[in-house]
Amino acid sequence: MISPARTWTQLAAILAYEDLVVAGDHLVRRKRPLCSLVELSAAVVSMGPARGARAARRAIVDIRPGTDSPMETRLRMLL
C-alpha cells in the first residue's frame, strides 16, 4: 500500500501545476486530513531527481493546510 504523500509525488509527473496543488491541499485539508504538510515535504525530498520532482518542489510551497474545497484552492491560485 502506498501512502497518500507518496501517491501525490507520483502524480507530480502527470498533473498540471494547479491540479497538483489542489490535490495537495486536499491531502492536508481541515477535516480528516490524509497526511500532514511535513509528510508531503518529506516525500518530495525523498524523490531525489525522479520524474516529477521539479513539479512537486514547486507545488509544495503553495499547498496550504486547512483548505476546505478545491474551488477555494483554485481561487487562491488565481489571485
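Computed from a predicted structure; not experimentally measured.
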A.B. asks: Taking the side chain as every heavy atom from C-beta outward, state whether Trp8 and Ile2 have any atom pair closer than 4.5 Å.
C.D. replies: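 The answer is no, as the side chains (C-beta and beyond) never meet within the 4.5 Å cut-off.
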A.B. asks: Minimum heavy-atom separation for Ala55 to Ala12, with atom names?
C.D. replies: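 Scanning both residues completely, I find the closest heavy atoms to be CB-O, 3.7 Å.
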A.B. asks: From Leu78 CG over to Arg76 CZ, what is the distance, rounded to the nearest 0.5 angstrom?
C.D. replies: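 Taking CG in Leu78 and CZ in Arg76, the distance rounds to 12.0 Å.
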A.B. asks: Any chain of hydrophobic side-chain contacts (each under 4.5 Å) joining Leu20 to Met47?
C.D. replies: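 Result: no, two separate clusters.
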A.B. asks: Which distance, rounded to the nearest 0.5 Å, do you find between the OG of Ser69 and the CZ of Arg29?
C.D. replies: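 So the OG of Ser69 and the CZ of Arg29 are separated by 12.0 Å.
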A.B. asks: Using 0.5 Å steps for rounding, measure from the CG atom of Leu40 to the CD1 atom of Ile63.
C.D. replies: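 Atom-to-atom, Leu40:CG and Ile63:CD1 are 5.0 Å apart.
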A.B. asks: What are the two closest non-hydrogen atoms of Ala53 and Gly48, and how far apart are they?
C.D. replies: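 Closest heavy-atom pair between Ala53 and Gly48: CB-O, 3.3 Å.
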A.B. asks: On a heavy-atom basis, which atom in Ala56 and which in Val44 lie closest, and how many Å separate them?
C.D. replies: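 Reported closest heavy-atom pair: CB-CG2, 3.9 Å.
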A.B. asks: In Å, rounded to the nearest 0.5 Å, how long is the span from NE2 of His26 to SG of Cys35?
C.D. replies: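 Taking NE2 in His26 and SG in Cys35, the distance rounds to 10.0 Å.
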A.B. asks: To the nearest 0.5 angstrom, please state how far the CZ atom of Arg64 sits from the OG1 atom of Thr73.
C.D. replies: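 Spacing of CZ (Arg64) from OG1 (Thr73) equals 10.0 Å.
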A.B. asks: Would you mind checking if Arg30 and Asp25 are paired as a salt bridge, meaning a charged N to carboxylate O distance below 4.0 Å?
C.D. replies: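 Between Arg30 and Asp25 there is no salt bridge, as every charged N stays at least 4.0 Å from the carboxylate O atoms.
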A.B. asks: So, do Thr67 and Val28 sit near enough that their side-chain heavy atoms are less than 4.5 Å apart?
C.D. replies: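 No. Closest side-chain heavy atoms not under 4.5 Å.
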A.B. asks: A side-chain contact here means heavy atoms from C-beta on lying under 4.5 Å apart; do Val21 and Met77 qualify?
C.D. replies: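 Yes, side chains in contact.
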A.B. asks: Taking a hydrophobic cluster as the set of Ile, Leu, Val, Met, Phe, Trp and Tyr residues connected by side-chain heavy atoms closer than 4.5 Å, whether directly or through intermediates, do Leu37 and Val22 fall within one such cluster?
C.D. replies: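 No, Leu37 and Val22 fall in different hydrophobic clusters.
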A.B. asks: Side chains of Val45 and Arg57, heavy atoms from C-beta outward: is any pair under 4.5 Å?
C.D. replies: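 A side-chain contact under 4.5 Å is absent here.
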A.B. asks: At what distance, to the nearest 0.5 angstrom, does CD of Glu18 lie from CZ of Arg74?
C.D. replies: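 Glu18 atom CD to Arg74 atom CZ measures 4.5 Å (nearest 0.5 Å).
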A.B. asks: For a 4.5 angstrom cut-off between non-hydrogen side-chain atoms, does Pro33 reach Leu27?
C.D. replies: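 The answer is no; the side chains never approach within 4.5 Å.
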